[in-house]
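Predicted model only: the values in this text are computed from it and were never measured.
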Amino acid sequence: MAQRHLGLTLGGGGFRGSAHVGVLYELERLQITVDVVSGTSIGAIIGAAVAAGYRASEIERAFSGITPRNLISRERTGWGFVGPHKLRLLLEDLFGQRQIEQLPRPFAAIAVDLVTGHEVVLDRGPLVEALLASCAIPGLFPPQRRGAATLVDGGIRNNLPVGAAHRLGAERVIAVNLITDATFSLDHLPSAGRLSWQRWLPSRQLALAERALLLMMHYLTAQSLAQTPPDLLLAPAVSAGSTAAFLSAAAGLAAGRAAARTQAEALLQLQQWRAGHDDSVTH
C-alpha cells in the first residue's frame, strides 16, 4: 500500500502562536505524525520547526524568552517600524543556514508580493529568508526582496494555506486557525504605564489597525476554507489576546491543548487513516 500523507497547516496570528505549540504537545501525546507542513507568518515559523524535526518542548524552549521588547530593533531603511535583525538572529540560531528543500518534511511558507499582489509560495531556497518574508507585517517589519518580488506577510492573502499543504503532497490536512471575528470594544483599548516599554508605541492606533487587519484576515480565511476545507479544523480560543498585549505563552499553550483535546477522536482517526488501518475518515 502506498504511504498516505497527512498535512499540518498553521495559521498566522502574531504572539497567539504559542497556541500552535499547545496543539503540537497534544499531537505528540496522541502520537499523531504529520508528513507535510505549511504555514503563514508565526504559523510559518512554528511550522518550519515542525518540518525541521523539533519537538514541542524544544520549540517552546526556543521561544520561551521572546517578548515584543527583545524583538524590537531599529529599522534603518525606513521601510518598517521595527527592524528584522533580532528576529533574524533568533531564526538563524534555530535553523542555521538551511535551505527549505533540506528539511526532513516538505514545507511551504506563504508571502505576498506587494508589487503584483500575488500570493507567493516559498517552498525552496533559504529558510530564514522565507520566514522573514512570511511574517513581514507591512509598516511594522520591512518587506523582504526576492528577485523582482517585494514580499510581505502572507496573511494579507492566505492566512491558513491548506491548499499549499495539498500541493506539497498532503492528501488530508489538519489546520489550526488563530483568527476569528471576536467581539471588540473601543472602551478597552490598551494603554501603557510610565515604566512600560509599550509607552514608546502608538498602542491605541496599533490596536485599531490590528482590529481592521484581523477582520479582513478572518473573512478572507472563511472564503478560503469554503473553497479548500481542511479535514480537521482546530480553533484555539486565543482571539481575545491582542498582538500588542502579547498573549501569555501559558494561556496560548493551554488554549492550543484544549482545542486539540476536544478533537482527539478525530485526530486519532486521521492517524489510523495515515497508517492505512481505516478508510472511514471523510472530509
Novice: Can any side-chain N or O of H20 pair as donor or acceptor with the backbone N or O of G252 at less than 3.5 Å?
Specialist: no

Novice: Taking W273's backbone N and O only, do any of them form a donor-acceptor pair with R4's side chain (distance below 3.5 Å, no angle check)?
Specialist: yes

Novice: Can you tell which of L160, T9, V176 makes a side-chain contact (heavy atoms from CB on, under 4.5 Å) with L233?
Specialist: L160

Novice: Please name the pair of heavy atoms, one in A56 and one in V21, separated by the smallest distance, quoted to 0.1 Å.
Specialist: O-CG1, 3.7 Å

Novice: Donor-acceptor pair, D231 side chain versus V173 backbone, under 3.5 Å?
Specialist: yes

Novice: Between S38 (side chain) and P161 (backbone), is there a donor-acceptor pair under 3.5 Å?
Specialist: yes

Novice: Taking the side chain as C-beta and beyond, is there a heavy-atom pair between L6 and V36 under 4.5 Å?
Specialist: no

Novice: Say whether, by atom type as modelled, one donor and one acceptor occur between the side chain of N177 and the main chain of A235 under 3.5 angstrom.
Specialist: no

Novice: I'd like to know if the side chain of S64 and the backbone of R61 have a donor-acceptor N/O pair within less than 3.5 Å.
Specialist: yes

Novice: Please confirm whether the backbone N or O of L253 pairs with a side-chain atom of Y25, one donor and one acceptor, at under 3.5 Å?
Specialist: no

Novice: With a 4.0 Å cut-off, would you call R29 and E26 a salt bridge?
Specialist: yes

Novice: Look at atom CZ of R261 and say whether more than 12 heavy atoms of other residues, nucleotides or ligands are closer to it than 6.0 Å.
Specialist: yes

Novice: Using 0.5 Å steps for rounding, measure from the CZ atom of F141 to the CG atom of D153.
Specialist: 10.0 Å

Novice: With a cut-off of 3.5 Å and sequence neighbours excluded, list every side-chain donor-acceptor pair involving residues 120-136.
Specialist:
residue	atom	partner	partner atom	Å
E129	OE2	R88	NH1	2.5
S134	OG	S41	N	2.8
S134	OG	I110	O	2.7

Novice: Quick one, L94 and I45 - any side-chain contact, counting heavy atoms below 4.5 Å?
Specialist: no

